[in-house]
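For reference, the structure is listed below as structure tokens.
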Amino acid sequence: MTARWQRKDLLGLRELSAEEIRLVLETADAFKEVGTREVKKVPALQGKTLVNLFIEPSTRTRTSFELAAKRLSADIVNITASASSLTKGETLKDTARVLEANHADIIVLRHSSPGAPQFLATRIAASVINAGDGAHEHPTQGLLDLYTIREKKGAVAGLHIAIIGDILFSRVARSNVFALLKMGARVTLVGPSTLVPREFEQLGVAVSHQLEEVLPQVDVVNLLRIQHERQRKEYFPGLGEYIRLFGLTKERAKLLKPDCLIMHPGPINRGVEIDSELADGPQSVILDQVTNGLAVRMAVLYLCGGIAT
């Protein structure tokens with residue numbers, strides 16, 4: 001039996017139950033159909049105000065949330081760090097309280113500091129949706145990746161998924177791991193030992209530093225870019241070395257099962273983590289992830305927005 005949604009916030013996937021994750025995915029099924037209509041709009045959040053508060057730069061996620069809110073008929077305000085009073089020394093808490101005083105119902109927050117969404121959520125009545133906090137979590141990306149796997153494979157339980165690249169600094173990897181394990185998948189993390197330390201095995205995943213050994217075994221590969229903006233030193237000799245050992249090249253892709261899905265949360269560094277031909281090839285579901293992200297974010301806004309007072 002599917003759980004009833006009782007959370008005003010979506011802060012991470014680690015805290016969600018499998019039943020709650022299923023509810024989001026099932027709600028997204030209904031909203032995906034809206035995108036196929038001539039009039040791509042429903043009145044589900046009419047009269048609600050959503051604020052996209054992006055203290056860390058983003059184009060893809062912010063645009064996706066904005067389109068999702070518009071399709072739900074919400075009013076939208078976009079605020080970036082450079083255009084906010086945070087540049088004048090105002091605290092995040094004060095900024096949020098000002099927004100709440102203006103009757104904002106939902107705040108979608110991207111922030112470079114892990115825990116910033118949790119900090120806000122405990123201090124304001126508005127719903128808070130985590131759009132990425134440092135290297136902590138990116139829950140809607142994890143959900144849309146899960147949705148895409150489920151859509152293409154029919155189920156997630158029993159599948160073997162490889163997440164390849166910069167795991168240490170990736171919030172996407174963490175959200176994927178939490179969601180995939182809860183839904184019964186096996187997960188192997190692959191990358192340089194400096195970026196995929198053995199400590200990750202404590203989460204219940206396998207760790208490998210040999211890409212060729214893993215590729216023939218898996219049903220899905222999810223490729224992550226190197227998070228240079230979060231690194232304070234070099235974690236491998238150079239991009240040439242990384243590509244040689246961990247890039248998904250055309251030659252290396254021959255090791256994959258014919259029906260193995262190729263995923264990437266974007267933005268893609270073509271020729272680094274993946275060859276351009278593979279990113280655009282028949283096994284790639286990268287554009288499906290973008291489409292599904294809209295439906296999943298509609299579902300999250302709808303569920304949390306319905307709880308918000």
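What's counted below: heavy atoms across the whole structure, side chains too, no hydrogens, waters or symmetry copies. These figures come from a predicted structure and were not determined experimentally.
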Does a salt bridge link [X] with [Y], judged by any charged N lying under 4.0 Å from a carboxylate O?
X: Arg244; Y: Glu241; value: yes
X: Arg22; Y: Glu26; value: no
X: Glu56; Y: Arg171; value: yes
X: Glu212; Y: Arg252; value: yes
X: Lys152; Y: Asp288; value: yes
X: Asp280; Y: Arg270; value: yes

Under a 3.5 Å threshold, yes or no: a donor from one side chain and an acceptor from the other, between [X] and [Y]?
X: Arg110; Y: His138; answer: yes
X: Glu66; Y: Asn52; answer: no
X: Gln289; Y: Thr148; answer: no
X: Thr188; Y: His160; answer: yes

Determine yes or no for a side-chain-to-main-chain donor-acceptor pair under 3.5 angstrom, with [X] supplying the side chain and [Y] the backbone.
X: Gln283; Y: Leu256; result: no
X: Asp166; Y: Phe169; result: yes
X: Ser73; Y: Gln46; result: no
X: Asp275; Y: Lys250; result: yes
X: Thr63; Y: Arg60; result: no
X: Asp9; Y: Val128; result: yes
X: Lys254; Y: Glu251; result: no
X: Glu137; Y: Leu13; result: yes
X: Asp105; Y: Thr49; result: yes
X: Glu33; Y: Asp29; result: no

Next on the checklist: Quick check with a 6.0 Å cut-off and a 45 degree axis cone: is Arg150 positioned over the face of Tyr147's six-membered ring?
Outcome noted: yes

Just wondering, do [Y] and [X] contact through their side chains at under 4.5 Å, heavy atoms?
X: Lys32; Y: Glu151; answer: yes
X: Ile163; Y: Val187; answer: yes
X: Val51; Y: Ile106; answer: no
X: Val196; Y: His209; answer: yes

Checklist entry - How long is the span from the CG atom in Asn130 to the CG atom in Leu120, to the nearest 0.5 Å? => result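 The distance works out to 10.5 Å.
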
